[in-house]
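Starting from 1, each residue takes its place in the sequence as its number. As the structure is a computational prediction, the values presented were derived from the model and not from experiment.
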Amino acid sequence: MTLSQLTVKSDWIGMVVSGLCLVHCLATPFIFLAYVNVGAHGEAHPFWWGLLDIVFLIFSFFAVYWSARNTSKTWIKYAFGLLWLVLSLVILNEKLGVLSLPEAAIYFPTIGLIGLHIYNRHYCNCEDEVCCTDN
């Protein structure tokens with residue numbers, strides 16, 4: 001798959017990555033509960049599980065970037081950027097523990113990105129440079 005094909009499919013990629021991120025976030029408490037119940041002691045969670053947050057964030061950045069470049073509405077570009085920034089800050093806060101945020105804080109930007117990618121795919125996606133004007 002070439003870069004131009006990825007750019008055209010960025011909303012699909014964004015929906016899938018954000019959806020997987022949401023499943024990851026929803027499954028985490030249950031996996032850790034099962035992990036504790038089987039007698040694993042010491043580490044609170046596997047190291048690789050925590051890295052998935054960063055992987056999803058990186059993939060979502062590129063999906064947001066390509067979708068924002070190919071949208072026909074200016075406000076969508078800002079909404080993509082804002083939601084990605086909020087998601088990044090929530091994940092960074094989770095890693096560093098700066099603020100005490102509820103676990104549900106990550107669901108709002110994730111669901112927002114899924115919805116925005118769906119909206120953009122159906123109503124605002126440009127197929128060429130000519131259509132990329134604010135309606």
Asks: Could you check Asp53, Leu82, Leu57, Val64 and say which one makes a side-chain contact (heavy atoms from CB on, under 4.5 Å) with Leu87?
Replies: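 Exactly one option meets the side-chain contact (heavy atoms from CB on, under 4.5 Å) with Leu87, and it is Leu57.
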Asks: Enter the distance from Leu99:CG to Leu92:CG here, rounded to the nearest 0.5 Å.
Replies: 10.5 Å
Asks: Can you see which heavy atom on Asn93 is nearest to which on Val98, and at what distance?
Replies: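 Looks like OD1-N, 3.2 Å.
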Asks: What heavy-atom pair brings Leu101 and Ala105 nearest, and what distance separates the two atoms?
Replies: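 The answer is CB-CB, 4.3 Å.
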Asks: With clusters defined by side-chain heavy atoms of hydrophobic residues (ILVMFWY) lying less than 4.5 Å apart, directly or transitively, does Ile114 cluster with Ile58?
Replies: yes
Asks: How far does CG of Leu89 sit from CG of Leu96, to the nearest 0.5 angstrom?
Replies: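 Answer rounded to 0.5 Å: 10.5 Å.
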Asks: Any heavy-atom pair between the side chains of Ile54 and Lys95 that's under 4.5 Å?
Replies: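 In short, these two side chains touch, coming nearer than 4.5 Å.
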Asks: Mind checking the OG1-CG spacing from Thr71 to Asn120? Nearest 0.5 Å is all I need.
Replies: 3.5 Å
Asks: Looking at OG of Ser67 and NZ of Lys77, how far apart are the two atoms once the value is rounded to the nearest 0.5 Å?
Replies: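 With rounding to 0.5 Å, OG (Ser67) is 11.5 Å from NZ (Lys77).
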Asks: Evaluate ring-ring contact (aromatic ring centres under 6.0 Å, His included) for Trp84 paired with Phe56, printing each intermediate quantity in order.
Replies: CA-CA 11 Å; Trp84 188 86; Phe56 288 133; over 10 Å; no
Asks: Would you give the length of the straight line joining atom CG of Leu85 to atom CZ of Phe61, rounded to the nearest 0.5 angstrom?
Replies: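 Leu85 CG to Phe61 CZ: 11.5 Å, rounded to 0.5 Å.
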Asks: Is the Tyr119-Trp75 ring centre distance short of 6.0 angstrom?
Replies: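 Close enough - the centres of the two rings lie under 6.0 Å apart.
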Asks: Please find the pair of heavy atoms, one from Phe80 and one from Leu116, that lie closest to each other, and give the distance.
Replies: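 So the minimum-distance heavy-atom pair works out to N-CD2, 3.4 Å.
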Asks: Treating Ile, Leu, Val, Met, Phe, Trp and Tyr as nodes and any side-chain heavy-atom pair under 4.5 angstrom as an edge, say whether Tyr65 and Tyr78 lie in one connected cluster.
Replies: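 Different clusters.
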Asks: Do Phe108 and Leu83 come within less than 4.5 Å of each other through their side chains, counting heavy atoms only?
Replies: no
